[in-house]
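Below, chains carry the letters A, B, ... as their sequence lines are ordered, and counting in each starts from 1. Both backbone and side-chain heavy atoms feed into the values below; hydrogens, waters and symmetry mates do not.
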Number of protein chains: 2
Amino acid sequence: MINAAGREIPDEFLHDGVEPFQGIYYRDGYHYQKAAPTVRAYVRPQADKLVDSVKDAVIATGLKDGMTISFHHHLRDGDYVVNMVMKAIHELGIRDLTVCASSLGKAHNYLVTCIQDGTVTGISTSGIRDEIGEVISAGQLKHPAVIRTHGGRARAIEDGTIHIDVAFIGASTSDQYGNASGKGGQSDTGVLSYMGSDVHYADQVVILTDTLVDAPNFPAAIQGIDVDYVVLVTKIGDPNKIATGALRLSKDTRELGIAENAAKCMYHSGLFKDGFTFQTGAGGPSLATTIFLKQYMQQEHIKCRWAMGGVTEPIVNLFHEGYIQNILDDQAFDLAAVGSVLTDTNHYEITASQYANPFNKGAFVNQLDFVILGALEVDVDFNVNVVQGSNGILQGAPGGHPDTAAGAKVTIIVAPLIRSRLATVRTRVTSVTTPGESVDIVVTDYGVAVNPRRQDLLAAFADTDIPLLSIEELRDLAYQYAGEPSPLEFEDQVVALIEYRDGTLIDVVKKPKLQK
Amino acid sequence: MINAAGREIPDEFLHDGVEPFQGIYYRDGYHYQKAAPTVRAYVRPQADKLVDSVKDAVIATGLKDGMTISFHHHLRDGDYVVNMVMKAIHELGIRDLTVCASSLGKAHNYLVTCIQDGTVTGISTSGIRDEIGEVISAGQLKHPAVIRTHGGRARAIEDGTIHIDVAFIGASTSDQYGNASGKGGQSDTGVLSYMGSDVHYADQVVILTDTLVDAPNFPAAIQGIDVDYVVLVTKIGDPNKIATGALRLSKDTRELGIAENAAKCMYHSGLFKDGFTFQTGAGGPSLATTIFLKQYMQQEHIKCRWAMGGVTEPIVNLFHEGYIQNILDDQAFDLAAVGSVLTDTNHYEITASQYANPFNKGAFVNQLDFVILGALEVDVDFNVNVVQGSNGILQGAPGGHPDTAAGAKVTIIVAPLIRSRLATVRTRVTSVTTPGESVDIVVTDYGVAVNPRRQDLLAAFADTDIPLLSIEELRDLAYQYAGEPSPLEFEDQVVALIEYRDGTLIDVVKKPKLQK
């Protein structure tokens, strides 16, 4: 059947309560019973949670064939935890596991081996890149991968869609009782936000740390009352790859132009008022928007009440300069963010559920005025693809994209019209990650298109110098310069399901046919 | 049948999985599925949680006859919240409610009216004092009250023994999204620890505050993602009664003598080492123990890693002087504690579950070296009663007494041998709150008795000046001076069940016969 984003969802995936996407607020007011883990009571005092090795921890949990395990990606490209745990599991010969990760990339390539030999047969993730993306795109994973947003992952765990048997959590520091933090230690990740739901809904929780500290390790992102085992390992990650150095602000004229127009849209939106809230991504044009935003804030004498998101140095700088009063942090993208969340009073760690879960009683995305997001592709219905390359290969991450887009009053997509000689704006995206219903403005280096649903913004921008075009005009320009993309060919095999944040299916990804 | 504490539990209360008390670690390693509330998803952004009045909030929740509501007692004798909510419920004519409170006392006397007219027919509480205690003792509550420890209340909520339909939470400050805190505002309670389980396991959560602040109200004890409604009221309490002024350290020679011997027991126990942990209560002899403890710490050059509990000024002072490195706070007993948790970096708020829940993965009571606790009565089996007066009337609180006693390596009871001309140490306590299995030392003004289970302590104290007597000798002394207490007479009606922290029944309280 065809869902509300105009995508065909094969009937075979619509069972056990799974519905096709039916609009971004379809589930508003939905009542549901939360999931409930089965846990062990530690009544006797002085219980020792320390185990000698990762393998011993896996054995202690009683992990069995067919179970589900979870990981976070706060250690980013420097993560050693996923591979360490998977190697131990591999050695123990446990098979048919589902891995529920907050994101997967090049640090996790041992999963490729595990996928190929049946150790791992299911994957749920909010990001899928590098070799893992290729292997899944090639149909080597037994079951289709489920791509979930950051908020959708928290929701799926909390509403019982996915049940985690054991969460394996790399923590920068922990005490012997499992009070664990992303702050300090040898491998400082700043926050551990993505594990906020895992620790409360997994049956068992294992902390891996390379820095054991005296109790109580407070403030703790993860409380010892939720932790079964603690393993001291040599290194949980490579600090040099956990956070990149300072992200430099763009000097690319094209990116600066996009950024300037994005800031201009915010300024003229009618919502650019003292106490406004916003989020920007980590891409070049998103980051550069902060330069122009600062100018408007100076000019109008207004301040931002809070900025949220994956946090980057430009946001930390605006915070230190007093333009932003609070930072809500679910992911530290660079060393400046890691440093700031460690020491700055009004820079707060929030969980992924607080950030973006559509099924709690009001995530912070619901209070966003503006969000500035990137795109791999945008189509004339304003649908955005951030998961699948234009070659059909999985190589992206929904992350909080659909979550913030649904929550923010104004959602701005920033993207070059042409990327790698391919049209970004096109008639139809390869797959839909974020539905056009939640996308308000598309800013490119060739002009700005406003979703016709937002007549209020079109009116607000009417007498400004924002270079307005229709989305079709942008598409036509893109096709004029880069040519109309030739349709990709796919096999019948579905290799990934793209779940909307509320659990409905917004799209499926099929195995691309090998190019001749 | 007779349980492991030697108390008779009528069979009629042993059903639906309720078992008699069978030893303090009976449920260690118990696996159970956690409770799961039914909640509402707030998918649509900018949802307004503010309602105009308490009555509107009650109506908004759809509260119905037979439901369970919950409250905390952080506002202590200054609490306006319970009465405010009960009056609104009363006006709406909703009946047959169960009230699950963290404690009840003289600020909550409107409950008496509600009990008498059937608005409230069930009560679960960790403290029961004043007129409410009298009314329940007189058998006026339809169902027996259930007396739970602080840890046991958290457990009962988390394991589904009690399901809360609506939690009504007084908060010193809140933003409009329900991010709420016990800090700041007009009625500063310091912490909101007792609501830690309620907010995650109640179907609906209502915040009542008299101080609405800008979002995000961080750090928040209660997260907005768990809150349905916020009501701004004129006053949630009387600040003058919330926390007493500075508790003065005792100058009573008898109390000082008890305190000195309690500290001496700690000193000679073999566990008085650098990094030790302890908790003291708020009673005179408990507080005074800190004076002597400080002397021993100076003398031995050792520091306390953390002190926990209901926090009082003497503990805060030791912390400020550097003798205590961290404070773990689940209740602020006075203004010094309220002030310290607001400003001192290493003074941490913990939830009741973190504090004492026997069914999570290791509460902090499990890491206690020493706890010093009071008693209304102690018997020759070292059982302690802190709930029922020697006249049979309910007038006390288990609080964290049984929790800390079970967790601590050394549990010390401090009490005068005679109180109000009645023997404190006696052959048999009126009812058992804390089983003798978890009580190690009884310190009175006439001597110190060590539980024969603790031969290690008896050996450690052998060559000291601690005035050792057997518990029977203490009992005999008490009877010699105060006379042997004449047995109370009771009706058959059971007015309260005393639940041990693990959910088993340790005792029942019957309606005392009217004195002729």
Given that the side chain runs from C-beta out, which part of A:Tyr30 has a heavy atom under 4.5 Å from chain B: side chain, backbone, both or neither?
both

Checking B:Leu368 against chain A: side chain, backbone, both or neither under 4.5 Å from a heavy atom?
backbone

Has the side chain of B:Gln33 got a donor or acceptor atom that lies under 3.5 Å from a matching backbone atom of A:Ala36?
yes

Nearest-0.5 Å distance, OH of residue B:Tyr348 to CZ of residue A:Phe218
8.0 Å

Proximity breakdown for B:Ser353 and chain A, heavy-atom pairs closer than 4.5 Å
both

Between B:Lys49, B:Arg305, B:Gln223, B:His200, which residue shows the highest count of heavy-atom pairs closer than 4.5 Å to chain A?
B:Arg305

Determine the minimum heavy-atom distance between B:Ala215 and A:Trp306, stating which atoms define it.
O-CD1, 4.0 Å

Rounded to the nearest 0.5 Å, how far apart are CD1 of A:Ile225 and NZ of B:Lys361?
10.0 Å

Nearest heavy-atom neighbours spanning A:Pro45 and B:Gly407
CB-O, 3.3 Å

Residue from B:Val205, B:Leu328, B:Asp28 scoring the most non-hydrogen pairs under 4.5 Å with chain A is B:Asp28

Looking only at heavy atoms, which two atoms of B:Val43 and A:Ile24 are closest? And how far apart?
CG1-O, 3.6 Å

Measuring from atom CD of B:Gln325 to atom CG of A:Asp214, what distance do you get when rounded to the nearest 0.5 angstrom?
8.0 Å

Choice from B:Ala363, B:Pro216, B:Gly224 maximising heavy atom contacts with chain A below 4.5 Å
B:Pro216

Which bit of A:Val227 is near chain B, if near means a heavy-atom gap under 4.5 Å: side chain, backbone, both or neither?
backbone

What's the spacing between B:Asp226 CG and A:Gln354 CD if we round to 0.5 Å?
8.5 Å

Going through the checks in order, is the side chain to side chain contact (heavy atoms under 4.5 Å, CB included) test met by B:Val39 and A:Lys34?
CA-CA 7 Å; B:Val39 296; A:Lys34 284 203 158 188; 4.0 Å; yes

Contact winner vs chain A - B:Gln46, B:Glu349, B:Arg27, heavy-atom pairs under 4.5 Å:
B:Gln46

Toward chain B, the part of A:Tyr26 with a non-hydrogen atom under 4.5 Å:
neither

Of the backbone (N, CA, C, O) and the side chain (C-beta and beyond), which part of A:Arg501 lies under 4.5 Å from a heavy atom of chain B, both, or neither?
side chain

Region of B:Asp228 in contact with chain A, defined by heavy-atom distances below 4.5 Å:
both

Closest non-hydrogen atoms of A:Arg40 and B:His31, given as atom of the first, atom of the second and distance, are CB-NE2, 3.7 Å

Would you compute the distance between atom CG of B:Asp175 and atom CD of A:Gln367 and round it to the nearest 0.5 angstrom?
8.5 Å

Contact class of A:Asp203 relative to chain B, heavy atoms under 4.5 angstrom
backbone

Which bit of A:Ala408 comes within less than 4.5 Å of chain B, counting heavy atoms only: side chain, backbone, both or neither?
neither

Which heavy-atom pair separates B:Tyr42 from A:Gly362 by the least distance, and what is that distance?
CB-N, 3.6 Å

